[in-house]
Amino acid sequence: MQNAVTELMRISPLADELAKLFAKAGYGLYLVGGSVRDMMLGRPSSDLDFTTDARPDQVLKIVSAWGDAVWDVGIAFGTVGVTKQGMTLEITTFRADSYDRVGRNPEVTFGDSIEGDLLRRDFTVNAMAIDLANQTFVDPYDGLQALQDRVLDTPATPQESFADDPLRMLRAARFSAQLGFTAAPRVIDAMTSMAEEIDRITAERVQAELSKLLLAADPRPGIELLVDTRLADRVLPEVPGMRLAIDEHHQHKDVYQHSLTVLAQAIDLESSHEPTSEPDLILRLAALLHDVGKPATREFQPGGGVSFHHHEVVGAKMARKRLRALKFSKEIVQDVSQLVFLHLRFHGYGKGEWTDSAVRRYVTDAGDLLPRLHKLVRADCTTRNRKKAAALQATYDDLERRIEAIQAQEDLDRVRPDLNGEEIMRILGLKPGPDVGKAWKHLKELRLDRGPLEHDDAVAELKKWAAENGIGG
């Protein structure tokens, strides 16, 4: 504990400086919450959270002349923000809130003790503080022991904590993923029995927690906690819906476990293919949801086989519907559903039977998503048969080589018809309208099928198509 205090003073002289200002005004100041937890874990942050017995207006008086910038948008909740030398600091008055337990917005009540403030926090690992005036550690709820044991528990009972703010149940899953902690048995019991309470939380806040969970280094423990406690049934039901029963007559891969493996392999490919890239939420969502259409399309075949015809089509629709319900951006909804739709197409490649036309279509349909599609398809190989896995990867290597060769020749990223709209109108004597668009689309299809055409050949094809469809004069 003393090492943590010493480390704080070493890396953040600003904290000591600020504490002296508060002491001079007759108030205490504590570093608190995730800032202390992360410091203990060796994860110092540029954002620091403080709490104090000073009321918000008094906090403003203390920091106004000291900070480089001060803002009070959270002052109704007791929070004043300050920036100083590139660091962001938030200072919140001790809280002793009560909740109506209908929504999650508290009736803000200011408290009088650090112990009371820490009691209302979500988990004991976030309920530790450093008394900056005395440079001592404050840990009334054994957060340090929980940190050492890597256990998530609550300062109050889990039932009280989650009834006050059901979002804390999703935070438990997120911390399981981000920090590698295990939820205490009583926390798991409360999450399971209170899962429906999450319905009180807005879709936007649920989405924010799920996104943070998925962007963790290892999302799997968090996802499994959501599924095991039935919280996923409320916020992402398509994921537990992939747990298909397997009997001795119809053996097939467990889709849920397969999807978690695909997610892990996709994450590995993020860093191995592009070591400097940030975690990719679109790829991770697509990896997790790529097979959500399988349960709805499962058919048992004579002799014990199982098929999932068109599960990529059904899955794309399901993914789009769920992501919209969770208020993801239009771009994320579109990109994830398109990746789900395209993830199976490679399996028609066989041993390289695709024509150049089919390769062009694969590239143009993927568009900017092609690098992600490469990773998703490779991650989707989870067979334990090493020979089969190696053959699949080699086949995809061959497809990528063909894509590179054709792109080098034809610049597939900007595939356009051999005639533009103005030329089409001039040749066919058309005015702007739907017929021009139809002609343009027909020429693009030719371009994809046959590659670049000579100008005279493109004109001839256009006139032939127009005559067959009674367009132009």
Side-chain angles (χ1 to χ4, degrees), residues 282 286 290 293 309-317 319-320 330-331 333-377 395-396 398-473:
I282 290 172
H290 75 286
H309 292 307
H310 305 302
H311 76 266
E312 74 282 11
V313 178
V314 174
K317 292 179 180 178
R320 185 180 296 111
K330 183 178 180 180
E331 177 190 20
V333 172
Q334 178 59 36
D335 287 353
V336 172
S337 58
Q338 182 69 353
L339 285 169
V340 173
F341 177 70
L342 292 174
H343 85 274
L344 205 61
R345 185 173 296 185
F346 159 72
H347 294 282
Y349 187 71
K351 295 182 179 179
E353 289 89 352
W354 274 4
T355 63
D356 285 353
S357 170
V359 175
R360 289 189 197 97
R361 290 181 183 279
Y362 188 76
V363 173
T364 54
D365 286 352
D368 293 340
L369 295 173
L370 186 62
R372 288 187 174 111
L373 183 59
H374 288 333
K375 295 173 188 176
L376 178 60
V377 173
T395 303
Y396 205 82
D398 181 65
L399 174 58
E400 286 202 55
R401 282 192 294 268
R402 288 185 63 187
I403 289 172
E404 290 174 3
I406 294 173
Q407 282 180 322
Q409 293 175 351
E410 303 179 17
D411 194 6
L412 286 183
D413 290 336
R414 290 187 291 274
V415 167
R416 294 290 185 274
D418 296 287
L419 302 174
N420 62 31
E422 290 184 0
E423 290 174 303
I424 291 171
M425 288 189 288
R426 178 176 53 79
I427 293 166
L428 297 182
L430 297 175
K431 294 181 179 180
D435 287 343
V436 179
K438 293 175 184 177
W440 190 93
K441 185 176 181 181
H442 172 71
L443 290 175
K444 182 176 179 179
E445 292 295 315
L446 280 178
R447 173 74 167 75
L448 290 171
D449 284 337
R450 293 163 50 179
L453 299 177
E454 294 293 336
H455 183 270
D456 290 346
D457 291 337
V459 171
E461 290 290 347
L462 174 64
K463 289 181 177 179
K464 177 183 176 183
W465 171 84
E468 291 172 350
N469 290 274
I471 292 175

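All of these numbers come straight from a predicted model, not from anything done at the bench. Note that these values count all heavy atoms, side chains included, but never hydrogens, waters or copies made by symmetry. If you read the sequence from its start, that first residue is 1, and numbering goes on from there.
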request  = Could you walk me through whether H374 and I403 pass the side-chain contact (heavy atoms from CB on, under 4.5 Å) test, one step at a time?
outcome  = CA-CA 11 Å; H374 288 333; I403 289 172; 3.8 Å; yes
message = side-chain contact (heavy atoms from CB on, under 4.5 Å), that's the test. Do F341 and D365 meet it? Break it down for me.
response = CA-CA 10 Å; F341 177 70; D365 286 352; over 6 Å; no
message = Would you say that V459 contacts E423 through its side chain, given a criterion of any heavy-atom pair below 4.5 Å between the two side chains?
response = no
key: L339 CG to L376 CG distance, which is reported to the nearest 0.5 Å   = 6.0 Å
ask   = Under a 4.5 Å cut-off applied to non-hydrogen side-chain atoms, are L373 and F346 in contact?
value = no
request  = Using a 4.5 Å cut-off on heavy atoms from C-beta on, say whether the side chain of R401 contacts that of D398.
outcome  = yes
ask   = Can you name the nearest heavy-atom pair linking R320 to S337, along with the distance?
value = NH2-OG, 3.4 Å
message = Applying salt bridge (charged side-chain N to carboxylate O under 4.0 Å, His left out), can you list everything that pairs with R361, at least two apart in sequence or on another chain?
response = E445, D449
Residues H311, L344; criterion side-chain contact (heavy atoms from CB on, under 4.5 Å); working and verdict = CA-CA 9 Å; H311 76 266; L344 205 61; 3.5 Å; yes
request  = Quick one: closest heavy-atom pair of V340 and A319, and the distance?
outcome  = CG2-CB, 4.4 Å
request  = Can you measure from CD1 (I471) to CG (L430) and round to the nearest 0.5 angstrom?
outcome  = 7.5 Å
message = Please check if the number of heavy atoms outside E353 that lie under 6.0 Å from its CD is greater than 12.
response = yes
query = Between atom CG of L369 and atom CD of Q334, what is the distance when rounded to the nearest 0.5 Å?
reply = 8.5 Å
task = May I ask you to test the I424-L443 pair for a side-chain heavy-atom distance under 4.5 Å?
result = yes
key: Heavy-atom check, side chain of Y362 versus side chain of W354, under 4.5 Å   = yes
query = Between E461 (side chain) and A458 (backbone), is there a donor-acceptor pair under 3.5 Å?
reply = no
Residues L428, D435; criterion side-chain contact (heavy atoms from CB on, under 4.5 Å); working and verdict = CA-CA 10 Å; L428 297 182; D435 287 343; over 6 Å; no
message = For E422, is the CD atom crowded, meaning more than 12 foreign heavy atoms sit under 6.0 Å from it?
response = no
Closest non-hydrogen atom pair, H290 against H343 = O-CE1, 3.1 Å
inquiry  = Could you tell me if the side chain of L462 sits less than 4.5 Å from the side chain of H442, heavy atoms only?
reply    = no
ask   = Looking at side-chain heavy atoms only, is the closest gap between L419 and H455 below 4.5 Å?
value = yes
